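The structure presented is a predicted model; accordingly, all values stated were derived computationally and were not measured. Read the numbers this way: they start at 1 and go in the same order the structure lists the ligands and their atoms.
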Amino acid sequence: MLRAQVCSNDELSFLMEAHDGLSATIAQRSGFKGLWASGLSIASSLGYRDANEASWTQLVHSVERIVDSTELPVLVDGDGGFGNFNNARLLARKLHQAGAAGVSLEDSCFPKLNSLIGERHPLADIDEFSGRLRAVKDAVADKLVLVARIEALIAGHGLNEAILRAHAYADAGADAILIHSRKSTADEMLSFVTEWRNRLPVVIVPTTYFRTPVSAYRNSRISTVVWANHSMRAAAAAMRHICDSIAAEESVASIESHIAPLSEIFELLKYDELAVAEKQYLQPS
Ligand code: SPV
Ligand code: MG
């Protein structure tokens, strides 16, 4: 199902960020057909910086909760694979066992730093990173969609470097290319797409160029848009507002109508299923 979404440029698909079971459940309710297990959002919700402070096992645990919470396919942000080819293929195997549908690997060096902050984003050597991709492909074959993510534009290199890398990663067996940009307009990313001519489908992450209408992506036959961190940021804003208010008022009376009723939480987490199961399986004492 993820392959049909990510590997087709006939129809634009959307992946919504999830960082835990609840955010995954809510994304499914809103009608999303696939999820992005965001490294930034998972790290932030755990109180870590998106700098490989969370371990690969913590990522796999978070992915398990996301996968278990919905029927949606999950594309996991695997950062650079947490090391060399060996770490990358181990991560891919474990993500497959956890039920992920795909993994995105970026050509950064360990430890990485989130692409949207700081100026130091050293790129992996092209051949070394291609080896990481080949090792993952050999380990999981077609059981996981493999997205190769290019950080060349983030690192301040030009279009030529990005295109060179995209061809190398396609040769190494990637199923799709994620071209990342942190410009406030889509121009740089769209120039890549024009030059690339869809040798492989293209995935994008319009976090900083959020004003561009999605029609521009449809016109460019981009395959997939990732809304990468918006549930996590929405949660942060809502929690800050509510905590400020409760602290100032020493009361929860005025905020009750602004937060999710408990009935909604119980409904989202299917407490009714538990009640039915108890009737079926719990022996009366
Ligand atoms: C993430 O969601 O963790 C991503 C996208 O990798 S970005 O934060 O823009 O690097
Ligand atoms: Mg990330």
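Those atoms of ligand 1 with a heavy atom of L116 less than 4.0 angstrom away are 9 (O). Here is the list of ligand 1 atoms found below 4.0 Å of a heavy atom in A228: 2 (O). Taking every non-hydrogen atom of W36 and a distance limit under 4.0 Å, the qualifying atoms of ligand 1 come out as 1 (C), 2 (O), 4 (C), 6 (O). Listed by number with element, the atoms of ligand 1 under 4.0 Å from a non-hydrogen atom of R149 are 4 (C), 5 (C), 6 (O), 10 (O). Which parts of ligand 1 touch S115 is read off a 4.0 Å heavy-atom cut-off, strictly below it: atoms 10 (O). Shown in contact with S38 at under 4.0 Å from a heavy atom are these atoms of ligand 1, numbered in order with element: 1 (C), 2 (O), 3 (O). Below 4.0 Å from some heavy atom of G39 lie the following atoms of ligand 1, by number and element: 1 (C), 3 (O). The atoms of ligand 1 that sit less than 4.0 Å from any heavy atom of H180 are 7 (S), 9 (O), 10 (O).
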Q: I would like to know whether Y169 and F129 meet ring pair (Phe, Tyr, Trp, His ring centres under 6.0 Å); could you show each step before the answer?
A: CA-CA 8 Å; Y169 304 160; F129 184 71; 4.8 Å; yes
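No option in L35, L268, T70 other than T70 meets the side chain to side chain contact (heavy atoms under 4.5 Å, CB included) test with Q28.
By the criterion of a heavy-atom distance under 4.0 Å, both the backbone and the side chain of L40 are placed next to ligand 1. Under 4.0 angstrom from ligand 1, there are no non-hydrogen atoms of V226.
The Mg ion (ligand 2) sits nearest to atom OD2 when only the N, O or S atoms of D77 are considered.
A salt bridge is absent between D20 and R65: the closest approach of a Lys/Arg side-chain nitrogen to an acidic carboxylate oxygen does not fall below 4.0 angstrom. A salt bridge links D171 to R199: at least one charged side-chain nitrogen sits closer than 4.0 Å to a carboxylate oxygen. Ion pairing of E151 with R149 is present here, as a side-chain N (NZ or NE/NH1/NH2) and a carboxylate O approach within less than 4.0 Å. Under 4.0 Å is where a charged nitrogen must lie from a carboxylate oxygen, and between R182 and E119 at least one such pair does.
Here the side chains of L40 and M232 are in contact, with some heavy-atom distance below 4.5 Å.
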